[in-house]
Amino acid sequence: MESDALRAQPVAQACSQPLPILVNRLLADLPSYANRVAQRDRSEASPLRSYLLLAGRPIFEPLPLNQQQLQPQGPDTTQQVFFTTLERQYNNRQINTQQNFYWAFFVPTQQGWQLALLYAQLAARPPQNRPLPPQSAENSAVGRAIQLWLRDCQAGVLKESIDQGIDKAQQ
């Protein structure tokens, strides 16, 4: 079977598989990675506690980027992925649940996929306000979690996760 052949490949090759295979597994693991990053960054002085509960299904249809100021010198291998997260914040006596939107740009490298850019449109606070404008999010907990997951994938510590992602993407 094709999935058995993919499973038999070294992990570094599995991390170089088509992006939809990786992103399905990445999003399943993203809450635990992002929460660990946020936990390490949390200061005792901050009363706000935020947790990523769920990362939604990815959308791989790219938006056209026709208004580029500079024209690329070579072929553009960037792939776009849209996904949402459900996050909960605890602040003293309040609990807020919010949906945030992410637009990720991945590029293939010899080591596998790398995160090139990440933009986030965070939910409005309070909910009746307009959503905030998109902002760069590579250094956010979600951005750093994606980078850590890709690093772990390339290091070979996610073999079971990759196999599950391959199986899910082929269904």
Side-chain angles (χ1 to χ4, degrees), residues 1-41 50-68 70-87 99-122 134-171:
M1 280 200 149
E2 186 176 335
S3 107
D4 292 339
L6 289 173
R7 264 188 229 139
Q9 296 176 352
V11 174
Q13 288 179 342
C15 291
S16 298
Q17 291 297 317
L19 192 60
I21 292 171
L22 289 184
V23 168
N24 280 317
R25 192 63 224 160
L26 165 65
L27 293 182
D29 292 343
L30 189 59
S32 62
Y33 270 76
N35 289 334
R36 284 193 299 266
V37 168
Q39 183 69 31
R40 282 190 293 257
D41 291 349
S50 183
Y51 297 93
L52 196 148
L53 304 175
L54 182 66
R57 287 187 169 210
I59 299 171
F60 295 95
E61 188 172 323
L63 290 178
L65 301 174
N66 296 337
Q67 298 181 6
Q68 294 178 349
L70 301 173
Q71 295 302 317
Q73 296 298 315
D76 183 9
T77 58
T78 306
Q79 291 195 30
Q80 301 173 36
V81 179
F82 298 91
F83 63 94
T84 60
T85 60
L86 182 63
E87 300 178 33
Q99 183 177 17
N100 294 320
F101 303 88
Y102 291 89
W103 185 17
F105 293 81
F106 292 92
V107 292
T109 68
Q110 289 183 343
Q111 293 78 32
W113 291 98
Q114 294 294 318
L115 181 66
L117 294 168
L118 180 66
Y119 291 100
Q121 184 169 13
L122 304 176
Q135 58 190 356
S136 177
E138 292 93 18
N139 293 319
S140 69
V142 170
R144 292 196 330 264
I146 291 170
Q147 293 167 21
L148 287 170
W149 189 92
L150 290 169
R151 181 204 65 191
D152 288 351
C153 181
Q154 292 158 9
V157 298
L158 299 176
K159 184 163 181 9
E160 285 183 32
S161 297
I162 294 299
D163 291 344
Q164 293 169 4
I166 289 170
D167 292 342
K168 186 174 181 179
Q170 290 179 347
Q171 291 178 354

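Heavy atoms only: backbone and side chains are in, while hydrogens, waters and symmetry mates are out.
- Side chain of W113 to backbone of Q17: a donor-acceptor contact under 3.5 angstrom is found.
- Residues meeting the side chain to side chain donor-acceptor pair (under 3.5 Å) test with Y33, sequence neighbours left out: D152.
- Closest non-hydrogen pair, A141 versus A34, comes out as CB-O, 4.0 Å.
- Here CD1 of I21 is found 13.5 Å from CZ of R25. Values are rounded to the nearest 0.5 Å.
- Taking the ring centroids of F101 and W103, they lie at or beyond the 6.0 Å cut-off.
- Remark: the backbone N or O of Q114 is not paired with any side-chain donor or acceptor of Q147 at under 3.5 angstrom.
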Start with the C-alpha distance between Y102 and I146, add both sets of side-chain angles, then the distance that settles side-chain contact (heavy atoms from CB on, under 4.5 Å), and finish with yes or no.
CA-CA 12 Å; Y102 291 89; I146 291 170; over 6 Å; no

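- Inter-residue side-chain proximity for V142 and F83 is flagged as met; some heavy-atom pair is nearer than 4.5 Å.
- Side-chain atoms of L117 and S136, non-hydrogen and from C-beta on, never get closer than 4.5 Å to each other.
- Under the 3.5 Å distance criterion, the side-chain polar atoms of T109 are matched with a main-chain donor or acceptor of Q111.
- Minimum interatomic distance between P31 and A55 (heavy atoms only, all atoms of both residues): CG-N, 4.1 Å.
- Between the side chain of E138 and the backbone N or O of L118, at least one donor-acceptor pair lies under 3.5 Å.
- L86 contributes atom CG, which lies 9.0 Å from atom CG of N100 (distance to the nearest 0.5 angstrom).
- If you take CD on Q80 and CG on L19, they are separated by 11.0 Å, rounding to the nearest 0.5 Å.
- Of all the heavy atoms in A137 and A120, the pair that sits closest is CB-CB, 3.8 Å.
- Taking 4.5 Å as the limit, every side-chain heavy atom of F106 sits out of range of all side-chain heavy atoms of L22.
- Using a 4.5 Å heavy-atom cutoff, the side chains of L122 and Q135 are in contact.
- Of all the heavy atoms in L115 and L150, the pair that sits closest is N-CD1, 3.7 Å.
- Applying the side chain to side chain donor-acceptor pair (under 3.5 Å) test to S32 and every residue at least two apart in sequence or in another chain returns nothing.
- We find the CG-CD distance between L53 and E87 to be 8.0 Å, quoted to the nearest 0.5 Å.
- Within 6.0 Å of OH in Y51 there are more than 12 heavy atoms belonging to other residues, nucleotides or ligands.
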